[in-house]
**Q** 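Here it is: the structure, laid out below.
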Amino acid sequence: MKNHYSLVIIGAGPAGMSAAVEAANHGIDVALLDEQEVPGGQIYRAMESIPPERAKLLGSEYLHGEKLVTELRNASIDYFPGTQVWSLNEKLEIGLLHHDKTAMISADQVILANGAIERPVPFPGWTLPGVMNAGAGQILLKSHGIVPKDGVVLAGSGPLLLLLAWQYHHAGVKIKALLDLTPMQNHLRALPHLPRALLAGHYLSKGMAYKKDLKQAGIGTLHNVSNLVARGQSKLDTISFKHSGQIHSIETDLLLIHFGVIPHTQLSRAAGCQHQWNPSQQCWTPGLNKWGSSSINRILIAGDGAGIGGARTAEHAGRLAAFQALYKLGKITRTERKQLARKDRKWMREERHIRPFLEAFFHIPEKLLKVPDDNTLVCRCEEVTAGEIRSAVHAGHSDSNQVKFLTRCGMGPCQGRQCAEAVSHIIADANGDNKPQELYRGRAPVTPLTLGQLASLFPEEQE
Amino acid sequence: MKTDVLIIGGGLMGFSTALQLAQRGVKSVVVDKDSAGRHASGVNAGGLRQLNRHPAEIPLSVAAAEIWHDIKSLVDKNCDAKFPGQIRIAENEEDLQTLGQRAELVRNLGFQHEEMISREELYKLAPSLVSHCKGALICRNDGYARPFHALEAFRQKALSLGVKYLPSTRIDAIEHDSKGWRLSSAKGEFRAPVIVNCAGAWAGQVASTLGEPVPVKPGAPMLMITERLPHFIDPVFGAASRKLSFKQMQNGTLLIGGAHMAELNFQQHKTTMNWAKLAVSARTVLALFPQLKDVRIVRTWAGIEAFMPDNLPVISRSKNYSDAFHAFGFSAHGFQLSPVVGIIISQLILDDHTNFNIDPFSINRFDSF
Ligand SMILES: Cc1cc2nc3c(=O)[nH]c(=O)nc-3n(C[C@H](O)[C@H](O)[C@H](O)COP(=O)(O)OP(=O)(O)OC[C@H]3O[C@@H](n4cnc5c(N)ncnc54)[C@H](O)[C@@H]3O)c2cc1C
Ligand SMILES: Cc1cc2nc3c(=O)[nH]c(=O)nc-3n(C[C@H](O)[C@H](O)[C@H](O)COP(=O)(O)OP(=O)(O)OC[C@H]3O[C@@H](n4cnc5c(N)ncnc54)[C@H](O)[C@@H]3O)c2cc1C
């Protein structure tokens, strides 16, 4: 690893891979850093090692990634898998941990392509062992072929929920129930976006096919479900929920939940990039120009980390960011940048047809985001409840950072990754604001770093 | 808005002053351009240290310690204050000598709070300390509190006594006329016969407006905090020849400081961690407690504080105006002094004098500036 690169890309998903390939093919020195041991990111996980049977199960969208991974392997890129980036700042210094070795490198340009995380939504019992994110379930399936033995309840809202139900069903997992917490009003909300969505009809038909398949197998979806509660002493044993005006309960030791994905903003916040509330995606996204440049001039953001657009969009956005970096590095002219970008821009537009529909259809009920009841834990690290957050607001602490100082929410080892968004919602609601106003300030290290690892940095530096 | 005293800055100095004034029946308004304590008072290391203070500060610090020990009677909350002592470790003969001389100096000034302890006692207090240390200087009734909770307690108590507080209100201009002070902000105008400059790192701007510039410099000391560990140590540790402040907080986390500075963009209130210096801090900790090498750092941050060239604060009546007062420049050790600063400023305002010797803190000491 060198101390300095023209371009450092963080994240080897579709966005990072396509950016790296494009930049390297233009002859600049590129480092690609990713915490996973293999390329592919969230979606094309374990692409190079997956048995054909399992790959088939994951479908054609998954297999699309093969080309990118091959190109990556063939390009001249300093690719460092197994590398966690724990810090990024506005001077483009990048703190990283590569197989237990700490380093700090710098770059002329950075493309942040670190993707999305699943939206954490606190509800009663969500912290019990046995309640897991659907994405985690999918990772086990993709990487290790591990599936739950004793069946599973799936609950939440979003396309991934249906996809995972379908994938599990075909892998022989018993689906005890599929609970859709999307409210019925969303159909109306989504309707105006349907015509445009039909332009990307393949996404819709895929969803319908999954649904039909499940239905034929006798797995019905319960729609318009609310009041989800997970119960158990030391681990999950029952869930209950409201459907058609009645409370139901199901015995299960595994509940997979999913409420869509949101940009992973910990690094972009720690760097100090500006972010804004995106009402359609119901999350915070970094403010970017059409080339992906953030408020910090030399930091570009591409892929789901820039706003949720899906894997294909990420791939195009990665290339656009690469063109921008190449332009700023003086490798291509303005005109070349425009020309090179043409195809990706067109494809990206087409990819986006489906988004407004999806965002409206899977709009999470505001009530679920804003008003978890007082006893619900919001910050699981420091065990802070929704009620404590509300009392802090009522005592005059009107923003996320003040509430954090007072209650310690967001101060635990996950660095607020699990509660930042929820806290900003609860505060907005308590203040009577119609949208969240502020997230926690980002603080490095965003991934774990020990005192020993830090101590090994800059050995020549004296007191 | 009209008030008796307008206090610029909603940090501990501002609220401590407002609280003292309120207890004596004087109304005040505290304004802050951001939120209370965001820059220094709420984000500091919470150290309640008399140990190794500049001789001029000792009387204030000793008086402050007495208040902190019974802080509940002042602000109704205990601010999570604990008093397990603060220690400065001697790692060699030279350190021992320096610390010994220090102890003598304090005794000669007539104070008893600092004393030397033997190697045996040191290791009783810190069994896991690396074995080469020789002894230490200790102040047994020092300790620490939780800064944001302390600030919150001062603020709430002040509010309960009728103090008004306006966050997100920056004073942009200050004028003096026959009717007293007129201060303007985007949120409106304030009128008051008396003003107090408790503007922390920005206090130099206020002082300049009054025509009395001071060589105050903003700085951004860095801190880092680790994951929770089982309890293993009580006192707060520093070392005679290293930059270190190290303590295990009530919840088991380790708070590590060392007076190393982040890069500061003062205009934008933005700090950038200096990882080379934080690495030095980590090495310092591991040199004294090597068993901590696998402990995870959870967060690093920097506050913004006012530093003076002589590291002594300005606690003073204005040079040019008899109805303006200053309390700033605490140079990263003002948390502990804050209860006394409020007393001093309120005495200056209401009694025209104070029981403490504040000559060393006069704004006039920079005449040549
Ligand atoms: C749990 C989950 C499951 C999903 N499943 C599907 C699916 O089945 N089908 C589908 O179409 N879409 C799915 N998506 C959405 C899809 O992943 C994205 O649209 C797509 O992967 C976005 O690509 P990207 O390149 O922006 O980010 P990603 O593919 O997420 O790649 C980001 C990469 O950055 C790495 N990274 C993040 N932070 C750091 C750091 N600090 N240091 C080093 N590396 C870091 C990550 O390990 C990851 O490899 C899923 C998303 C999530 C969160
Ligand atoms: C990281 C760190 C660690 C520290 N550790 C310790 C310790 O362990 N022990 C100890 O004793 N001390 C410590 N200190 C020092 C201590 O925190 C400060 O000395 C003390 O908090 C100063 O209080 P203050 O009220 O003067 O400043 P502040 O808390 O900074 O308050 C000043 C306020 O004035 C406001 N302001 C400025 N200009 C204007 C304007 N024009 N209009 C309106 N408002 C304005 C600012 O927004 C600010 O909130 C530490 C400091 C830092 C930064």
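Just so we're clear, the structure is a prediction, and the values are computed from it rather than from any experiment. Below, chain A is the first sequence line, B the second, and so on; all start at residue 1.
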**Q** If the plane angle is over 60° it's perpendicular, under 30° parallel, otherwise tilted; pick one for Trp202(B) and His39(B).
**A**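 Ring orientation of Trp202(B) relative to His39(B): tilted.
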**Q** Are more than 12 heavy atoms from other residues, nucleotides or ligands located less than 6.0 Å from atom CZ of Arg170(B)?
**A**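 Count not over threshold, so no.
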**Q** Heavy atoms, side chains only, cut-off 4.5 Å: are Leu267(A) and Val85(A) in contact?
**A**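 Yes, their side chains come closer than 4.5 Å.
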**Q** Below 4.5 Å from any heavy atom of chain A, which atoms of Ser168(B) appear? Answer side chain, backbone, both or neither.
**A**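 The answer is neither part of Ser168(B).
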**Q** Given the options Asn401(A), Thr102(A), Leu406(A), which has more heavy-atom pairs under 4.5 Å with chain B than any of the others?
**A**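 Between Asn401(A), Thr102(A), Leu406(A), the count favours Leu406(A).
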**Q** Could you tell me whether the side chains of His98(A) and Gln84(A) share a donor-acceptor contact shorter than 3.5 Å?
**A**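 Checked: His98(A)/Gln84(A) side chains show no N/O donor-acceptor pair below 3.5 Å.
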**Q** I'd like to verify something: which residue of Gln462(A), Glu460(A), Gln453(A) has the highest number of heavy-atom pairs under 4.5 Å with chain B?
**A**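 Of the options given, most contacts go to Gln462(A).
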**Q** Non-hydrogen atoms of chain A under 4.5 Å away: do they reach the side chain of Val280(B), the backbone, both or neither?
**A**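 Just the side chain, heavy atoms under 4.5 Å.
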**Q** Please determine, among His149(B), Arg38(B), Lys270(B), the option with the most heavy-atom pairs under 4.5 Å with chain A.
**A**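 Winner by heavy-atom pair count: Arg38(B).
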**Q** Please classify the contact between Arg242(B) and chain A as side chain, backbone, both or neither, with a heavy-atom cut-off of under 4.5 Å.
**A**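 Both parts, backbone and side chain.
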**Q** Checking Thr450(A) against Asp294(B): is there a side-chain donor and acceptor pair closer than 3.5 Å?
**A**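 Side-chain D/A pair, Asp294(B) to Thr450(A): absent.
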**Q** Gln415(A) versus chain B, heavy atoms under 4.5 Å apart: side chain, backbone, both or neither?
**A**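 When you check distances to chain B, only side chain atoms of Gln415(A) fall under 4.5 Å.
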**Q** Which atoms of Ile256(B) come close to chain A, meaning under 4.5 Å heavy atom to heavy atom: side chain ones, backbone ones, both, or neither?
**A**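 The side chain, not the backbone.
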**Q** Only one of Ile105(A), Leu88(A), Leu96(A) clears side-chain contact (heavy atoms from CB on, under 4.5 Å) with Val8(A); which?
**A**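 Of the listed options, the one satisfying the test is Ile105(A).
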**Q** Identify which part of Ser87(A) has an atom lying under 4.5 Å from any heavy atom of chain B, answering side chain, backbone, both or neither.
**A**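 Side chain only.
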**Q** Where on Leu286(B) is there a heavy atom nearer than 4.5 Å to chain A: the side chain, the backbone, both, or neither?
**A**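 Only the side chain of Leu286(B) comes within 4.5 Å of chain A.
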**Q** Answer with yes or no whether the side chains of Asn311(B) and His333(B) bring together a donor and an acceptor at under 3.5 Å.
**A**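 No, Asn311(B) and His333(B) have no side-chain donor paired with an acceptor closer than 3.5 Å.
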**Q** Quick one: what part of Ser281(B) sits under 4.5 Å from any heavy atom of chain A, side chain, backbone, both or neither?
**A**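 It is neither, since no heavy atom gets under 4.5 Å.
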**Q** Is atom CD of Gln250(B) surrounded by more than 12 heavy atoms (other residues, nucleotides or ligands) closer than 6.0 Å?
**A**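 Yes, enclosed.
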**Q** Measure distances from Ala270(A) to the heavy atoms of chain B and classify the residue's part below 4.5 Å as side chain, backbone, both or neither.
**A**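 Neither part, no heavy atoms under 4.5 Å.
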**Q** Quick one: which of Gln268(B), Met273(B), Glu263(B) has the most heavy-atom pairs under 4.5 Å with chain A, could you say?
**A**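 The residue among Gln268(B), Met273(B), Glu263(B) with the greatest pair count is Glu263(B).
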**Q** Just checking, any donor-acceptor pair under 3.5 angstrom between side chains of Ser268(A) and His275(A)?
**A**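 Checked: Ser268(A)/His275(A) side chains pair up, N/O donor to acceptor below 3.5 Å.
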**Q** Heavy-atom pairs under 4.5 Å with chain A - which of Leu254(B), Thr253(B), Asn251(B) has more of them than the others?
**A**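 Answer, by heavy-atom pair count under 4.5 Å with chain A: Asn251(B).
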